[in-house]
2 protein chains.
Amino acid sequence: MNRTAVPSCDAAKLPRYAEIRRELEHAILSGRWPPGRRVPSEHDLVAWYGCARMTVNKALSELAAAGLIVRHRRAGSFVAVPANDQSILEIHDIEAEARSDGKAYRFELLGRALRKATRADAARLGVKPGAPVLALASVHFVDGAPFAAEDRLINLDAVPRARDIDFTTRTPGGWLLAQIPWSRARHRISAINADAAMARALRIARGAACLVVSRETWQQEVPITQVDLSHSGESHHLVAHFSPAGRRRDGSGKHRQP
Amino acid sequence: MNRTAVPSCDAAKLPRYAEIRRELEHAILSGRWPPGRRVPSEHDLVAWYGCARMTVNKALSELAAAGLIVRHRRAGSFVAVPANDQSILEIHDIEAEARSDGKAYRFELLGRALRKATRADAARLGVKPGAPVLALASVHFVDGAPFAAEDRLINLDAVPRARDIDFTTRTPGGWLLAQIPWSRARHRISAINADAAMARALRIARGAACLVVSRETWQQEVPITQVDLSHSGESHHLVAHFSPAGRRRDGSGKHRQP
DNA sequence: GAGTGGTCTAGACCACTGA
DNA sequence: CAGTGGTCTAGACCACTCA
């Protein structure tokens, strides 16, 4: 009926279902609908948008496929609790993995600095030099042994509350994850030889191979945090499963047909 | 109408669209429908399966989302050409990346062995000891400098043609990719200190940190190949982009709602 | 022009499960 | 029981593009 209805905001050429998906997505990623919050039922959305149920179903199905919501018959749809950060890549999630294996987990904050972003900070985090950042250095221990060294920057313009959090009791990663739903992350994985400081922190030999996972996280194009996690190479590896083509990524639309 | 129609083979409880998707998927992954081959139109499939167009549309849409087919109005649907192996993880694809950067690429086969799988081979590749395997060792050069050392096993029961291929002119990865559409891959990423042989192959110092990407590839649960790619740590890193939850993976259905 | 996919409709039945 | 999502139907109009 309302083919020409005004689409609430941006006059897009999006199909109806994509428009609906975008609006819900925004409500979720902006934090307006927190994890666990109930999403309106298909029936409600049909009434709200004035379209057929299959249309809202397609929008909701895509959100479910993207992992933003979970759906259950009779119970309804709910904003998903953010997946555990590292498990996305099926990277060993330090704390959760350790605890689920019945191992002891401990976290030690080595340093905390509140500062205006240096040029190096700005490059790492993707903010402008001078922007307020929180720098944290810490070590994760599993069963008493150092497991990973963490070096993190947090964009305080995006997460001002972080300024007042006591990160000696909560891991920055865990806190951020619970606070900020992220919409995009980039991992860079590399190998380095441990320098003196890292060797000391991880209690390994100088020069031992370390696996470094650098992660930048964004919420709607705003940088949230950047973290370097360095693991002793011999005690750690990352695992990832894939199917052909996976998700289409931004710059990789390489489809062709003859 | 034919709610009870016989589903061609396995008496599954799958919904109709999933059944259709599975059949098409099998035709593609088995190689029966080679890349570029035209997929029957929605109209044809509606006639064939005797269901509504939306149902086959859902099956085809999922295949397109999974990257197995590409679809174009008027032109029809086609089996996708297999995506470039490594670009899946946005790993630097050695040859393609080098060439697209205008750099020289060269490949050198160091060793080739046809043998019955040893116990170690069997564990690496996931076949039974004694199964025929082809072992290949090689080095990839970019701009004249060694870029990665490759150590590969190929399951000859799955890819008998590999026995007769001259891998001094074609890279095993490139050949396999063109031959065998894969349905699943697992990457293991770790860091090691270069041993003497690797230091020699990559022309780096003994003990230098190396990034090792181990990849196992399956076609419908049949192991195809296993490869260890070792890169000099300082010259290489992997990059991966993610959105929340990404694709649901086999063992990671950790969704919960309150 | 005609065939294709992209989207949408206005219904329908069913399975599941919380109240 | 009643509400929810999962699936399906039998149509429809449109945009695109090849012949």
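Every heavy atom of this structure was used, including side-chain atoms; hydrogens, water molecules and symmetry mates were not. Below, read A as the first sequence line, B as the second, and so on, with proteins coming before strands; counting in each chain starts at 1.
- In this view, S77(B) and V39(B), I69(B), R71(B) satisfy the side-chain contact (heavy atoms from CB on, under 4.5 Å) rule, not counting sequence neighbours.
- The distance from atom NE2 of H43(A) to atom C1' of dA10(C) is 14 Å, rounded to the nearest whole Å.
- With T225(A) contributing its side chain and L153(A) its backbone, the two residues share a donor-acceptor pair below 3.5 Å.
- Distance, R21(A) CZ to dT7(C) P: 10 Å, rounded to whole Å.
- Among the heavy atoms of the strands, none lies under 4.0 Å from S61(B).
- Put simply, CD1 on I20(B) is 13 Å from P on dT7(D), counting in whole angstrom units.
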| field | Pair Y49(B)-E23(B), side-chain hydrogen bond (donor to acceptor under 3.5 Å, both in side chains): steps then yes or no | value | CA-CA 11 Å; Y49(B) 287 104; E23(B) 287 194 13; 2.7 Å; yes
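- As rounded to whole Å, 10 Å separates atom C1' of dT4(D) from atom CZ of F78(A).
- Rounded to an integer number of Å, the gap from CD of E62(A) to C1' of dG6(C) is 12 Å.
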Between N or O atoms, less than 3.5 Å apart, protein on one side and nucleotides 12-19 of chain C on the other: list the pairs.
residue: dA12(C); atom: N6; partner: R53(A); partner atom: NH1; Å: 2.9

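- Atom CG in L14(B) sits about 15 Å away from atom C1' in dC8(D), given to the nearest Å.
- Distances shown here put a side-chain N or O of R71(A) below 4.0 Å from the OP1 or OP2 atom of dG6(D).
- For an aromatic pair to be called close, the ring centres must be under 6.0 Å apart, and H140(B) with F107(B) satisfies this.
- If you find the closest nucleotide of DNA chain C to D44(B) and to T55(A), the one lying nearer the 5' end belongs to D44(B).
- For the OP1/OP2 pair of dT7(D) and a distance below 4.0 Å, the side-chain nitrogens and oxygens of Y17(B) include at least one atom meeting the criterion.
- A salt bridge links E19(B) to R16(B): at least one charged side-chain nitrogen sits closer than 4.0 Å to a carboxylate oxygen.
- Here the options are R186(B), R124(B), R152(B), the test is salt bridge (charged side-chain N to carboxylate O under 4.0 Å, His left out), and the partner is E216(B); only R186(B) passes.
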For residues 155-162 of chain A, run the donor-acceptor check on the side chains, cut-off 3.5 Å, and write out each pair with its distance to 0.1 Å, sequence neighbours left out.
residue: N155(A); atom: OD1; partner: D157(A); partner atom: N; Å: 3.1
residue: N155(A); atom: ND2; partner: P223(A); partner atom: O; Å: 2.8
residue: R161(A); atom: NH1; partner: Q179(A); partner atom: OE1; Å: 2.9

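- In this structure, NE2 of H72(B) is placed 15 Å from P of dT4(C), rounded to the nearest angstrom.
- The side chain of K58(B) contributes no N or O atom lying less than 4.0 Å from OP1 or OP2 of dC8(D).
- The CG atom of L63(B) sits 12 Å away from the P atom of dG6(C) (whole-angstrom rounding).
- Using a 4.0 Å cut-off, no side-chain N or O of S41(B) falls inside it from OP1 or OP2 of dG3(C).
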